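In what follows, chains are A, B, ... by sequence order, proteins preceding strands, each numbered from 1. No experiment lies behind these values; they were computed from the predicted model shown.
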Amino acid sequence: MNKENGVLDIKKIRKISLLNIMWQWETILLFIFIMVAIINSNLSPYFLDYTNLMNTTFNFIEKAIIALPMIFVIICGDIDISVASIIALSSVFMGMASQAGVNTFGLVAIGLFSGSAAGFLNGFIITKFGIPAIAVTLGSMSLFRGIAYVILGDKAFTKYPTSFAFFGQGYIGNTMIPFELILFFILAIIFGIILHKTTMGRRVFAIGNNSTAARFSGIPVNRIRLIIFTVTGLCSGLASILLTSRIGSTRPNIAYGWELEIITTVVLGGVAITGGKGNIFGVVISIFIIGFLKFGMGLINVPGKVMNIIIGLLLILAIMLPELLKRLKPKNSFSNIKK
Amino acid sequence: MKDLFRKREFNLFIFILFIIFGVSWRTPSFLYINNFVDILNDTAILSMVAIGQLMIIVTGGIDLSVGSSLALSGMSVALLNQYHPGIPIFMIILISIAIGLLLGSINGLLVSRAKIPPIITTLGTMSIYRGLVFVLCGGTWVSAHEMTEAFRVFPRRSFLGISSLIYLSILIVILFLIFLNLTRTGREIYGVGGNKIASQYVGINLKKIQYIVFTLCGGITGLAGFLWVARYAAAQSETAIGFELQTIAACVIGGVSITGGSGTIIGVVLGAFFMGIVYNALTMINVSPFWQMAIQGFIIIFAIIINTVMDKRNQQLMLRKRSFNE
């Protein structure tokens, strides 16, 4: 917009862009994050402790790893509520394989493969029949977890090779940095580059803004959606490996209800649920906001259900905030300057 | 006749008869009238709440908070009953409906006034209401011996061999059949779902409609909360967890388009009845209850695929007819 008005006073433009940054979603999130950190460290002396902070990441990094592909899914205008069930399914398959004496390498392969297969099935039904993603993944959410229940019933798999424990419990070298955390940051950078710096990323935004227009401009809409759902399955499989390795056992109710927390994280991170808008950085901040908020509340003995009230309120307030700010913001700041 | 076969409700009905035939062939006791009354009792609450869900889905929304609001209204009246046993049962029913209406109208306000998409609003209120249940009861149960006799027995009290639970659900079905098909607001609900923008041009108040459907769904859910808690004679913080998915499943199986605009009450009731029959049949033919979830998921996916394929075929037929006439 600034390019069109070459005659504008440069100082005014700088002022505007500073103001725009102020109102940007990521800035608000960063502000919330700092608030959470300050409040938490005031409430409990155990919050600002390097070991504690590092170890608490174990509790939310698995969800965070699924949140990354979920950004793509939601930007496309779709949704996937079967991710937690895919975790259960992969975990059960890994448990069966482990019972049969498969080694760590084989278990990882099985986890990743079963996750991708489940994701592919979702994507295939959605794109082949043109059914809304919420309906299909609602069904597969029951189906996948249901298969886990059929296989396991009320039993549990608890026998896993010792070397398998590294993925969910291991640290990098002698530092206190968890392997999971590093893995997450690497994935976040990869997904960020794909979303914001490649043609693929531009196409994802195009699909989310207007999928019909995207198709007419030559974008293979359905193939891209199929790939995204498969990758979401793959990442759920990966999260399943990490989670199973961390808790060392598999029950059919593993990761129950995670899908809602993952979607909450993504939406709080500024991804529009209607599609077409969002970025990785916002979601990464939102992951840490929710993670540290829960950690801080845990330190002062807030029960989990009460934490959920606060997360729910945070979600609704966060979505309402831009509308409220729009009303507070001076109207038509650009058109005033044009005059 | 051909038109009849193209109706989803009719197909579903045929399918239900097919299952009844198949199961009773293996276990004749499935056909006993008592068994069918049991199935009706089991699906009464589901079909009531699914009608609320239907209205929201028809407008293009979705309500994920029904399980939590059911639990919250159920827990509230259970506690009320425990600490004030003197309150008559019909007051309890009115209070449970009022709590439901309140919770539903909060959803409705957030969707219509604050313009938060329904899925996000109800995702949030689902956690909030569920958390409030926990805050109310402090993690403990209200169990059978803490409820009054009148409270516990109400859903089972029967007249002519049929329980009040079934009568209530029939009442709700009839009320909403009239509301959705014969009143102006009811038709406007379908109008909004068919085409949001067009409906506003013809003068339908979108905000009002959104507010109404969420509030009404809340009211039904509130009533269902009381019935649920009284029927199972227990209120706890995990009551009806995951119930929202069952109501959506009943809608989807009943042929409601998840994108809005179409769906009938008869379809939804058949959908709920279908789920009840499948669960009942599974126990009848000695299948482990652990199969329930997987089969439910399979049925949902199968039903949606069938619906979509049939829809497309119908559209093509209509197009062909039109081009033929021209």
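Listed options Gly257(A), Ser140(A), Pro303(A), Gly139(A) were ranked by heavy-atom pairs under 4.5 angstrom with chain B; first place goes to Gly139(A). Options Ser85(A), Gly304(A), Gly312(A) differ in how many heavy-atom pairs under 4.5 Å they form with chain B, and the most are formed by Gly312(A). For chain A, the option among Ile305(B), Ile295(B), Val252(B) with the highest count of heavy-atom pairs below 4.5 Å is Ile305(B). Interface remark: of the candidates Ile300(B), Val135(B), Ile120(B), Ile258(B), Ile120(B) forms the most heavy-atom pairs closer than 4.5 Å to chain A. For chain B, the option among Ile147(A), Val136(A), Leu138(A) with the highest count of heavy-atom pairs below 4.5 Å is Leu138(A).
At a 4.5 Å heavy-atom cutoff, the contact between Ile128(B) and chain A is made by backbone and side-chain atoms alike. Neither the backbone nor the side chain of Phe144(A) comes within contact range of chain B; no heavy atom of the residue lies under 4.5 Å from a heavy atom of that chain. Thr125(B) touches chain A through backbone and side chain together, each having a heavy atom under 4.5 Å away. Using a 4.5 Å cut-off between heavy atoms, Phe298(B) contacts chain A through both its backbone and its side chain. Using a 4.5 Å cut-off between heavy atoms, Leu315(A) contacts chain B through its side chain alone, with no backbone atom that close. Ile134(A) touches chain B through its side chain: at least one heavy atom from C-beta onward sits under 4.5 Å away, while N, CA, C and O do not. Neither the backbone nor the side chain of Glu244(B) has a heavy atom closer than 4.5 Å to any heavy atom of chain A. Neither the backbone nor the side chain of Ile310(A) comes within less than 4.5 Å of any heavy atom of chain B. Neither the backbone nor the side chain of Val133(B) has a heavy atom closer than 4.5 Å to any heavy atom of chain A. With a 4.5 Å cut-off on non-hydrogen atoms, Ile304(B) touches chain A through its backbone and its side chain both. Neither the backbone nor the side chain of Ser288(B) has a heavy atom closer than 4.5 Å to any heavy atom of chain A. Interface residue Ile62(B): only side-chain heavy atoms are found under 4.5 Å from chain A. Only the side chain of Ile119(B) comes within contact range of chain A, judged by heavy atoms closer than 4.5 Å. Using a 4.5 Å cut-off between heavy atoms, Met307(A) does not touch chain B at all.
The environment of Phe124(A) atom CZ is sparse: at most 12 non-hydrogen atoms of other residues, nucleotides or ligands sit within 6.0 angstrom.
Remark: Glu259(A) pairs with no residue by the salt bridge (Lys or Arg N to Asp or Glu O under 4.0 Å) rule, at least two apart or across chains.
The minimum heavy-atom distance linking Val150(A) with Phe290(B) is given by the pair CG2-O, 3.6 Å. Heavy-atom minimum distance, Ser142(A) versus Gly297(B): CB-CA, 3.4 Å.
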Handout entry: Tyr256(A)/Ile241(B) under side-chain contact (heavy atoms from CB on, under 4.5 Å): CA gap, chis, key distance, verdict
Key = CA-CA 11 Å; Tyr256(A) 187 82; Ile241(B) 217 163; 4.3 Å; yes

Exercise for the section: In sequence, state the C-alpha distance, the side-chain angles, and the governing distance for Ser127(B) and Leu260(A), and then conclude on side-chain contact (heavy atoms from CB on, under 4.5 Å). Expected result: CA-CA 9 Å; Ser127(B) 314; Leu260(A) 298 176; over 6 Å; no

Problem - From CA spacing to verdict: side-chain contact (heavy atoms from CB on, under 4.5 Å), Leu110(B), Met320(A) - result: CA-CA 9 Å; Leu110(B) 287 171; Met320(A) 272 167 73; 3.9 Å; yes

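A distance of 10.5 Å separates OG1 in Thr308(B) from CD1 in Ile125(A), rounded to the nearest 0.5 Å. Atom CD of Gln296(B) sits about 10.5 Å away from atom CG of Leu143(A), to the nearest 0.5 Å.
Counting heavy atoms from C-beta outward, Leu245(B) and Met141(A) have side chains that approach closer than 4.5 Å.
For residues 261-277 of chain A, a heavy-atom distance under 4.5 Å to chain B picks out Ile263(A), Thr264(A), Val267(A), Ile273(A), given by residue number.
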